[in-house]
**Q** 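Below are the structure tokens for one structure; questions will follow.
Just the heavy atoms: all of them, side chains too, but no hydrogens, waters or symmetry mates, feed the values below. Just follow the structure's listing: the first ligand is 1, and inside any ligand the first atom is 1.
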Amino acid sequence: MIRVLFICLGNICRSPMAEAVFRDLVKQENLSDKIEVDSAGLGHWHVGNPPHKGTRDILDRQRIPYDGMKARQVHTQDFGDFNYLIAMDDENISGLEEMDNKNADITVAKLMDFVDKAEDTNVPDPYFTGKFDGTYELVSKGCESLLNSIRNENNI
Ligand code: 4NP
């Protein structure tokens, strides 16, 4: 099983959106028995909460399910449990580096790293801007590219 964990700060806006979008893509490509998806946040403030209304609204409009999803915090165990830790921005990457798991043989990267010639290298935080549509554009583009990359790397 290939395990992918999306990371952001609060685990209520960007990473749950990526989790839902990516899981939906995986399902469409009949890879649900090969790829498992989850998300987590570096902060603890929203642990146990469902995705933010802005994220739920856009997922509803796209008819992408998010049932049962609840925020959780990233923990060191995740570096052993997952193959890909996919962050939304540079700040998330710094946070993961502070957790200091340099021995783990896993991919730690930003979502937009997988997009060729991406104009944005970070997925900006919509929690403070309310720009959930823009977030969705970046997340869906990033998820498609990420899935292609994982398929190539793992020959699936
Ligand atoms: P996210 O957005 O990292 O995309 O889930 C945030 C949500 C909450 C907070 C910050 C960012 N917060 O400070 O509570």
Side-chain angles (χ1 to χ4, degrees), residues 2-27 35-102 104 106-150:
I2 297 162
R3 295 193 166 86
V4 181
L5 182 68
F6 291 100
I7 308 279
C8 65
L9 185 57
N11 195 211
I12 52 168
C13 300
R14 294 165 293 173
S15 62
M17 190 187 295
E19 176 187 344
V21 166
F22 195 74
R23 184 179 291 116
D24 191 56
L25 275 178
V26 164
K27 189 172 172 216
I35 303 178
E36 225 169 69
V37 194
D38 193 7
S39 68
L42 285 144
H44 58 83
W45 317 286
H46 301 281
V47 168
N49 291 348
H52 188 283
K53 185 172 187 315
T55 288
R56 284 186 275 128
D57 283 349
I58 196 129
L59 292 173
D60 284 339
R61 267 187 275 146
Q62 301 294 331
R63 305 204 190 297
I64 296 175
Y66 52 85
D67 336 347
M69 283 172 48
K70 283 193 170 54
R72 74 163 176 93
Q73 202 169 9
V74 61
H75 41 77
T76 46
Q77 176 104 19
D78 291 320
F79 287 80
D81 290 347
F82 289 87
N83 308 94
Y84 295 87
L85 261 53
I86 306 298
M88 297 298 131
D89 62 25
D90 292 315
E91 195 188 317
N92 304 155
I93 292 284
S94 304
L96 291 173
E97 281 169 0
E98 276 169 26
M99 294 179 73
D100 198 20
N101 268 266
K102 296 188 176 57
I106 61 170
T107 300
V108 180
K110 286 190 297 179
L111 183 62
M112 299 314 284
D113 291 347
F114 295 88
V115 178
D116 255 357
K117 303 192 184 84
E119 280 172 35
D120 304 83
T121 59
N122 293 310
V123 179
D125 199 334
Y127 186 70
F128 301 105
T129 64
K131 293 181 178 166
F132 284 86
D133 286 6
T135 303
Y136 177 77
E137 292 303 316
L138 294 177
V139 163
S140 61
K141 209 185 285 180
C143 283
E144 277 183 29
S145 303
L146 173 65
L147 185 54
N148 283 335
S149 171
I150 290 177

**Q** With a 3.5 Å distance limit and no angle check, can you tell me whether R14 reaches the backbone of M88 through a side-chain donor-acceptor pair?
**A** no

**Q** Judged by atom type as modelled, is there a donor-acceptor pair below 3.5 Å linking the side chain of N92 to the main-chain atoms of D89?
**A** yes

**Q** When you measure from the side chain of N122 to the backbone N and O of D90, does any donor-acceptor pair fall under 3.5 Å?
**A** yes

**Q** Angle class for the F6/F22 ring planes (parallel below 30°, perpendicular above 60°, tilted otherwise)?
**A** perpendicular

**Q** Distance to 0.1 Å, residue and atom name: give those for the protein heavy atom nearest to atom 4 (O) of ligand 1.
**A** R14 NE, 2.7 Å

**Q** If we only count N/O pairs under 3.5 Å, is I12 in contact with ligand 1?
**A** yes

**Q** Ignoring angles and geometry beyond distance, decide whether N11 reaches within less than 3.5 Å of ligand 1 through its nitrogen or oxygen atoms.
**A** yes

**Q** Closer than 3.5 angstrom, by distance alone: can the side chain of Q73 be matched with the main-chain N or O of L42 as a donor-acceptor pair?
**A** yes

**Q** Closest non-hydrogen protein atom to atom 12 (N) of ligand 1, residue and atom name please, with distance?
**A** Y127 CE2, 3.5 Å

**Q** So which protein heavy atom does atom 11 (C) of ligand 1 come closest to, and at what separation?
**A** D125 OD2, 2.9 Å

**Q** Ligand 1 and C8, any nitrogen or oxygen pair closer than 3.5 angstrom?
**A** no

**Q** Any nitrogen or oxygen of P126 lying under 3.5 Å from a nitrogen or oxygen in ligand 1? Just yes or no.
**A** no

**Q** Start with the C-alpha gap between D38 and R3, add the side-chain angles, then the distance that decides, and say whether side chain to side chain contact (heavy atoms under 4.5 Å, CB included) holds.
**A** CA-CA 8 Å; D38 193 7; R3 295 193 166 86; over 6 Å; no

**Q** Can you find a non-hydrogen atom of H46 under 4.0 Å from ligand 1?
**A** yes

